[in-house]
Amino acid sequence: MPSFAVLELRAALLTWYSQSGRNLPWRQTCDPYAIWVSEIMLQQTQVKTVIPYFDRWMLQFPTIEAIAAADLQSVLKAWEGLGYYARARNLHRAAQDIVQQHDGIFPTELDAVLALPGIGRTTAGGILSAAFNQPLAILDGNVKRVLARLIALDVPIAKALPRLWKLSQDLVDPKHGRDFNQALMDLGATVCTPHNPACLVCPWQSHCQAYNLGTQSQIPMSETRAPVPHKQIGVAVIWNDRGQILIDRRKPEGLLGGLWEFPGGKVEAGETIEACIQREIQEELGITIAVGERLIVVNHTYTHFRVTLNVHHCRYLSGDPQTIACDEIRWVTLAELDQFPFPKANLQIIAALRQGEAQSSRAPLK
DNA sequence: CACTCGTGGAC
DNA sequence: TGTCCAAGAGT
């Protein structure tokens, strides 16, 4: 039996949502596939970033059958730039699972949804509540922050996940799972923000323990995180005498799995960039190159480390390229690079190559 | 369970 | 410039 406070919280939130909720593309439909795609794209990714990817995706892959039948490279190409590429690989694999095990129809049972790769408890609850109005709890970054403040949580969120899940499940309106969950996320995204929350317009102000204690800016408590290492990387743009460039496809798992790249590797202590590139290419591709002039230096930050890509033009000399540390190797022209999915840092290298080509065509070298 | 896994926005 | 953190999941 829900308490009076819970009934009040539900009513206040739903009223606020009807007036102040966001109008988002994936809220125009109850198609579980479209909602699923949006939920995966939105993992650790801001709404503004997702919208253009979502719109393009639904035109290119409008149904579960379409994505299941697509090849992984075109799926990764559509995901290019979004990051966390395991999401795209899992989405692709899950669509094939649904075709084989569920006759192509997105399952409505929570356990069946949770069994799909890439779908955890929050995403499952998000899909089933949005598509079928099921009253299932969610606990994403927004909801964690809102609920932590609601109860003035005095420990870091990571140490209170079971409590927060129970609270989310106790609060969700049994008749309005869809709107309640969407409202809770909107509240976190637009009112109960990480910095300077707009408590004066919050529908939960009078119930919020953090607000009543004046501690909303200190909750949730910050988690400690390790310092990020910085790596120097030597990268080779290897040209053959036909004007082609060598690229390789990374192994399917792990960092940037399945994407293409310009080969290279980590600079060891006391090693020059040129020596590093020569050594890495010999070790990983089994070919001998001559390292030439520098093309570009690219700084890039990942979640847990930072890299500096020191990119040099190189000339192929000898040897037959071997897939020692990668899945596939190709010689391609500059124009063909568009067809392959690359990590963001490598797109800067391609842009530099294009710029160099444009300049040399305006003022050809003698 | 702590760690891995991208990128961009906001400040 | 650095720091935090986004509709988290897999291991």
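Each chain gets a letter, A, B and so on, in the order its sequence line appears, and its residues count up from 1. If you're wondering where the values come from, they're calculated on a predicted model, not measured in any experiment.
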Is it true that the side chains of [X] and [Y] contain a donor and an acceptor less than 3.5 Å apart?
X	Y	answer
A:Gln73	A:Trp260	yes
A:Asn142	A:Arg145	yes
A:Gln182	A:Arg27	yes

Look at A:His300 and B:dT7 and indicate whether a side-chain polar atom (N or O) is within less than 4.0 Å of OP1 or OP2.
-> yes

Side-chain N or O of A:Arg89 closer than 4.0 Å to phosphate OP1/OP2 of B:dC5 = no

Give one of base, sugar-phosphate or nothing for [X], where a contact means two heavy atoms less than 4.0 Å apart.
X	answer
A:Trp79	nothing
A:Ser222	nothing
A:Gly126	nothing
A:Leu347	nothing

[options]: which one has an atom nearest the side-chain heavy atoms of [X]?
X	options	result
A:Tyr85	C:dA7, B:dG8, B:dG6	B:dG6
A:Pro194	B:dG6, C:dC5, C:dA7	C:dC5
A:Gln43	B:dG6, C:dA7, C:dA9	C:dA9
A:Val47	C:dA7, B:dT7, C:dG8	C:dA7
A:His304	B:dT4, B:dT7, C:dG8	B:dT4
A:Met185	B:dG6, C:dA7, C:dG8	C:dA7
A:Asn142	B:dG9, C:dA7, B:dG6	C:dA7
A:Tyr84	B:dG6, C:dG2, B:dT4	B:dG6
A:Leu255	C:dG10, B:dC5, C:dA6	B:dC5
A:Arg27	B:dT7, C:dA7, B:dC5	C:dA7

More than 12 foreign heavy atoms under 6.0 Å from CG of A:Asp71: is that the case here?
-> yes

A:Leu82 has an atom CG; how far is it from atom C1' of B:dG6, in whole Å?
-> 9 Å

Given atom CG of A:Leu161 and atom C1' of B:dA2, what is their separation to the nearest angstrom?
-> 13 Å

Do A:Tyr17 and A:Phe180 make the cut of ring centroids closer than 6.0 angstrom?
-> no

State whether the side chain of A:Glu268 and the backbone N or O of A:Lys266 hold a donor-acceptor pair below 3.5 Å, judged by distance alone.
-> no

Select from A:His195 and A:Leu139 the residue whose nearest nucleotide in DNA chain C is closer to the 5' end of that strand.
-> A:His195

How do A:Leu114 and A:Gln46 order along DNA chain C: which one's closest nucleotide is nearer the 5' end?
-> A:Gln46

[M] and [N], which share atom name [atom1], separated by this distance in whole Å:
N	M	atom1	answer
B:dG8	C:dA9	P	22 Å
C:dA6	B:dC1	C1'	23 Å
C:dA7	B:dC11	P	14 Å

